[in-house]
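Comments concern the structure below.
Chain letters run A, B, ... following the sequence lines, proteins first, then strands; residues in each count from 1. All figures in this text were calculated on a predicted structure; none of them were measured in a lab.
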Amino acid sequence: MFQRNINRRVTKTKTKTVFLHLCPPIHSFFLSYRNFTAQSTSALDTAAAAADIATLVLESDPKSLRGSLHGLPLQFTPELVDKVLKRLWFHGPKALQFFKHLEYHPSYAHSSSSFDHAIDIAGRMRDYKTVWALVARMRARRIGPSSKTFAIIAERFVGAGKPDRAIRVFLSMREHGCPQDLHSFNTILDILCKSKRVEMAYNHLFKVLRGKFKADVVSYNIIANGWCLIKRTPKALEVLKEMVERGLTPTITTYNILLKGYFRAGQIKEAWEFFLQMKKREVEIDVVTYTTMVHGFGVVGEIKRARKVFNEMVGEGILPSTATYNAMIQVLCKKDSVENAVLMFEEMIKKGYVPNLTTYNVVIRGLFHAGNMDRAMEFIERMKTDGCEPNVQTYNVAIRYFCDAGDVEKGLSMFEKMGQGSLPNLDTYNILISAMFVRKKSEDLVVAGKLLLEMIDRGFIPRKFTFNRVLNGLLLTGNQAFAKEILRQQSKCGRLPRQFKL
DNA sequence: GTAGGGTTAG
């Protein structure tokens, strides 16, 4: 019922259906994908309403937005608001505007989960003032901040290259009225380790606070994995020793972390010996162990050994998982042949496995890589038929290989097919912008410029290199006015080269 | 959002 009302409201504003290389101004292409059909179930209702509200936010005049939102004939719910925020993910300022207007809504109050989303968005934009303002408001309303909130903030600081600030965020939790515990301790350790800051995690947090929080197996596993991620397996072994000394029993996860660590560090012999040790001792080897072995052997080209391990596991009573098949298929593509990979794919289906997104993407990449464009496209169609929608990676692979093969038109047409669950990401834009230089055509450079502006509009910050390349291209082809616009944007992004002044 | 396996450019 309310669906129709929103639609009427939205359709009043003028819609620009745009394929970006045809007509400026740059406009988010998914606006042309709006779907106004009435949906039957409530989950779909929420999704459709979220899409409509997101469009409303994007198209409304900022001054009238609050009125429009407050006047909507529908009841906002936390689920709906979260979905809208997700839709506006790449329009940070708009998303925060929407969030703020709803804070003054007469009959709706934000949930803690929506606050977390808003904080995540502000953090992504590196707008820390807003981050802390939101935290304060959460606290004032007594709906947080929670340890999840702090994990989000810490992650954003780490992502912005400020791990020391992430640590301070963790240490300040109590000041913000949020108790710390072993969980939150492990979470911050993991965030640091996953970003390859194990040294910092170990020295500044783990060593100092492991007594206070009573570090457990999980804490030690996180640190061991941290060392493995930067290929320092001897340090991971030390951690293993240390945990045993402190009376903790390593789990199968601990061993799998080390096994993977050996492969990652290129220590194939050590990995094999470690695997034998695991079998010899009373460790319950599991499917993860086998998948690690298959993948590890495969990536160094030891296909026979990979196959042997793969066959052996069934004998041991451990069934391969989809991930095991994915590992096998991937290494066949890379070190054997796509034909054999496709055979493996068909075999898994015959055995009743359901391929997932990764399975398809691995096969599709393999086919493109082998120059089998048509078969790759057939697989993309096949996955859709199987109810598995292509994602960003699927499209990025297709776009990359078409462009590399000189078929820029086909690359662009794939780009235009993206939507909903597969919005372009930073890679997509980088691939496409690079492709605009191969034909050395003036029109292509204009498209490159438009893509650059669109990516900025979506919250991606292009590298200085990308800016300069596009800028030079435009200047050389006589597009001075457009170049000037790009330069203005570059300055806004803080990526201005020294010699330029506006 | 406390840990381990499978997509990312030769």
Nearest whole Å is fine: how far is [N] [atom2] from [X] [atom1]?
X: A:Tyr290; N: B:dG5; atom1: OH; atom2: P; result: 18 Å
X: A:Arg400; N: B:dA9; atom1: CZ; atom2: C1'; result: 5 Å
X: A:His369; N: B:dT7; atom1: NE2; atom2: P; result: 15 Å
X: A:Phe157; N: B:dG1; atom1: CZ; atom2: P; result: 21 Å
X: A:Phe368; N: B:dG10; atom1: CZ; atom2: P; result: 16 Å
X: A:Glu155; N: B:dT2; atom1: CD; atom2: P; result: 12 Å
X: A:Leu209; N: B:dT2; atom1: CG; atom2: C1'; result: 16 Å
X: A:Gln180; N: B:dG1; atom1: CD; atom2: P; result: 19 Å

Cationic tip of A:Arg400 above A:Phe368 ring, under 6.0 Å, 45° of axis: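 No, a cation-pi geometry is absent between A:Arg400 and A:Phe368.
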
A:Arg137 to A:Phe115 six-membered ring, cation-pi geometry met (6.0 Å, 45°):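 A:Arg137 over A:Phe115 ring: no.
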
Salt-bridged, [X] to [Y], with N to O below 4.0 Å?
X: A:Lys280; Y: A:Glu273; value: no
X: A:Glu155; Y: A:Lys194; value: no
X: A:Lys235; Y: A:Glu238; value: yes

A:Glu284, CD atom: more than 12 neighbouring heavy atoms under 6.0 Å: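 No.
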
Atom NE2 of A:His176 with >12 non-hydrogen neighbours under 6.0 angstrom: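 Counting other residues, nucleotides and ligands, NE2 of A:His176 exceeds 12 neighbours.
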
DNA chain B contacts among residues 347-363 of chain A, heavy-atom distance under 4.0 Å: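 Correct list: A:Asn356, A:Thr358, A:Asn361, A:Val362.
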
Nearest-nucleotide pick for [X], side chain only, options being [options]:
X: A:Thr253; options: B:dT2, B:dA3, B:dT8; value: B:dA3
X: A:Asn221; options: B:dT7, B:dT2, B:dA3; value: B:dA3
X: A:Val287; options: B:dG5, B:dG1, B:dT7; value: B:dG5
X: A:Thr187; options: B:dA3, B:dG5, B:dG1; value: B:dG1
X: A:Val288; options: B:dT8, B:dG5, B:dA3; value: B:dG5
X: A:Lys334; options: B:dG6, B:dT8, B:dA3; value: B:dT8
X: A:Ile191; options: B:dA3, B:dG1, B:dT8; value: B:dG1
X: A:Lys148; options: B:dG6, B:dG1, B:dT8; value: B:dG1
X: A:Asn391; options: B:dT7, B:dT2, B:dG5; value: B:dT7
X: A:Thr251; options: B:dG6, B:dA3, B:dT7; value: B:dA3

Donor/acceptor link under 3.5 angstrom from A:Thr291 side chain onto base of B:dG5: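 Side chain to base: pair found, below 3.5 Å.
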
base_contact_polar (B:dG5 base, A:Ser321 side chain, donor-acceptor, <3.5 Å):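 Between B:dG5 and A:Ser321, which were checked side chain against base, a qualifying N/O pair under 3.5 Å is present.
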
How is [X] classified with respect to the nucleic acid when contacts are heavy atoms under 4.0 Å: base, sugar-phosphate, or nothing?
X: A:Val397; answer: nothing
X: A:Thr324; answer: base
X: A:Ile252; answer: base
X: A:Asp286; answer: base

Show every donor-acceptor pair shorter than 3.5 Å between a side-chain atom in residues 140-148 of chain A and any protein atom, with sequence neighbours excluded, or say none if there are none.
from     : atom 1 : to       : atom 2 : distance (Å)
A:Arg141 : NH2    : A:Glu103 : OE2    : 3.3
A:Ser146 : OG     : A:Lys148 : N      : 3.2
A:Ser146 : OG     : A:Thr149 : N      : 3.3
A:Ser146 : OG     : A:Thr149 : OG1    : 3.2

A:His295 side chain near B:dG6 phosphate (N/O to OP1/OP2, under 4.0 Å):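 Yes, such a contact exists.
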
All N/O donor-acceptor pairs, side-chain side in residues 375-384 of chain A, below 3.5 Å, sequence neighbours left out:
from     : atom 1 : to       : atom 2 : distance (Å)
A:Glu381 : OE2    : A:Lys384 : NZ     : 3.4
A:Arg382 : NH1    : A:Glu346 : OE2    : 3.3
A:Arg382 : NH2    : A:Glu346 : OE1    : 3.4

